[in-house]
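Since the structure comes first, as structure tokens, the remarks are kept for the end.
Atoms within a ligand are numbered from 1 in the order they appear, just like the ligands themselves. Start at 1 with the first residue, then count along the sequence.
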Amino acid sequence: MDRREFLRTAAAGCTVAASGSAISCGDAPAALTERTALAGPVGQNARRTGLTVEGDHFLLDGERFRIISGAIHYFRIHPDQWLDRLQRLRAMGLNTIETYVAWNFHQPTPSEADFSGWRDLGRFIRLAGSLGLKVVVRPGPYICAEWDFGGLPAWLLANSKIQYRCSDPEYERALDQWFDKLIPRLAPLQWSAGGPIIAVQIENEYGSFGNDQAHLKHIEGVLRRNGIDSLLFCSNGTADWMLRGGNLPGVLATANFSGDPTGDFDALRKFQPNGPLWCTEYWDGWFDHWGDNHNRTDPAETAANVDKMLAMGASVNLYMAAGSTNFGFWAGANYGPHYQSTITSYDYDSPIGEAGELTEKFTKLRAVIGKYAPLPTDPLPDLPPRLAPQTATMRSATTLFGSLDRLGHAVHRGAPVPMEQLGQAYGLIQYRTRIQGPRAKGKLTIQGLADWALAYLDGKFVGRLDRNTPSVGPDIAVAGESSQLDLLVDCHGRINFGPNNRDPKGINGNVLLHGQHALFGWDIWPLPLDNLDVLQFGAVPASFTGPTFYRASLTIPSTADGFLAFPNWQKGMVWLNGFLLGRYWDRGPQRRLYAPAPLWKAGRNDLVLLELHGAGSQIELHSGPDLG
Ligand code: GLA
């Protein structure tokens, strides 16, 4: 058996019979259901010494192994679609999948830890294993990932003194409590225990952020003490300071990059002269911010660069391999040089699209992988069915301001506080005060605004404020005895990358008139928008007077994937049968939101929009995406 054939079989997780002639690849049958998948090979291998390093290579159970992997986020894909997307990844020729674990997705409060339904990470990992895929887990606790607050829970922000991602005792206490719940669930799914997990990451791109080696050591300790015996690695950008800040002696260093691998692997080699080369995030696409153009990468170039890596004998994890969605309020944001929030789609221009599409990039990457590893022989999965186009007209409506007391309970505070101080994690937040008059015209500005505010004086719209232009605000005057000032704060994702990671939502400072005169005495309504059943809808108003919920319905013959568009609507969010699909915004680039099949019902489906700026009259259902 020559070297290339050896690598091809090892890379695909195939076993070679003692004679060296027979190859069995554990190919799963084409029409695999979840029941048959979960009854698959996990736990059946006898000799499990796991993933180890020998010279410049990996060994798995003592045999040469190369990781050809792709990133997929279970928290961004409806659980009824996990199997479908994993099958598509396998069809591309990958032998491994990689997922982050999003702490905030599992721990809504410090005392809870939810691993059920959509949060059943164990089921996701077992499903992958049952398809013959190995699994790399990146539990963070910080994950970046264009996910709200980089995966950290919002409740950490209730403590304004806590320092994240370092040896701060409060932070490490919170992370210990989380890992003591999470990691014992991962340990039995490791290779050594008959499961598919072969490697686990410590933190995430820590070197981009800081240099607290004791903190990395602490995380390593918590992983080990909770039973992780798999290979540990650190993954970082390849600048010298990133590699130095983000790695630990004795732990495998890996690299994240895009484009031609030569320079980045040279840098990694310089830092770590021996050991397998592993690109743990090969950015085969990129995410989008609201207001920017949709990012695309050239499929042929991407495939050529992956070819180059594989030809070098390197291992790779395609980030992302499966596109997915920032449902709910989960989309993150970046800062630099100003705040920019991430769109609802996390298609990422991945080889497998947000709705399971096998793209040109898929075909090209599959062909490249096929040069180094045997590809599954079963037919490629079909595109999941799509709904036929139709439109929906708004049937009823109710204003947000008229619904405040149904949606939340007001609390009184002297100065404004951000939502985390009130135990709120996501949604909008409304602030109301009275200003004594008469008062001459003065500029209204807000300190620590996150992220936009709609200002109303005595119920009349006076202007929009934006955290990126803190000195810009409307002039307001009080003619009579007093006026009521309302500020509805429209919050997008918390910053998930970089040093500006303390990003409480709402108002974290004072509301000023004349640039210096603070207004005190506020009623504050936390609006988590987690239960819209409380709303009382009435007739649709003739014209738009302010933030309003609109209701419509769509009747479909049977469930399938659909894409919702909002022509002439401006900015807001949309719920399908009570599930928040995410935010829409006429800024683009995204024009349609993915509404996956499992969220629909055969028959009548309920749609609710919360429009903040200006309403259209119809919603459109389309059969395909439009990411701009
Ligand atoms: C870094 C992070 C990832 C992700 C990518 C960009 O590599 O580690 O979580 O944010 O950038 O998509």
Problem - Tyr346-Trp330 aromatic ring centre distance below 6.0 Å - result: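 No - the distance between ring centres of Tyr346 and Trp330 does not fall below the 6.0 Å cut-off.
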Practice task
Go through the structure and list residues passing salt bridge (charged side-chain N to carboxylate O under 4.0 Å, His left out) with Asp56, not counting sequence neighbours.
Solution key: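 If we apply the salt bridge (charged side-chain N to carboxylate O under 4.0 Å, His left out) test to Asp56, skipping adjacent residues, the hits are Arg269.
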Exercise for the section: List, ordered by chain and residue number, the protein residues whose closest non-hydrogen atom lies under 4.0 Å from any atom of ligand 1. Expected result: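 Contacts of ligand 1 under 4.0 Å: Tyr100, Ile143, Cys144, Ala145, Glu146, Asn204, Glu205, Asn256, Glu281, Trp283, Trp286, Phe287, Tyr319, Tyr346, Tyr348.
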Handout entry: For Leu59, all residues meeting side chain to side chain contact (heavy atoms under 4.5 Å, CB included), sequence neighbours excluded
Key =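 Expected list: Thr52, Glu54, Arg64.
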Practice task
Mind checking side chain to side chain contact (heavy atoms under 4.5 Å, CB included) for Thr280 and listing every partner two or more places apart, or none if nothing turns up?
Solution key: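 Result, side chain to side chain contact (heavy atoms under 4.5 Å, CB included) vs Thr280: Phe233, Ser235, Thr254, Asn256, Trp278.
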Exercise for the section: Kindly indicate whether a cation-pi arrangement holds for Arg119 with Phe105, taking the cut-offs as under 6.0 Å to the six-membered ring centre and within 45° of the axis. Expected result: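 Checked: cation-pi criterion met.
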Problem - Check: Ser341 main-chain N/O paired with His289 side-chain donor or acceptor under 3.5 Å - result: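 No, because the side chain of His289 does not come within donor-acceptor range (under 3.5 Å) of the backbone of Ser341.
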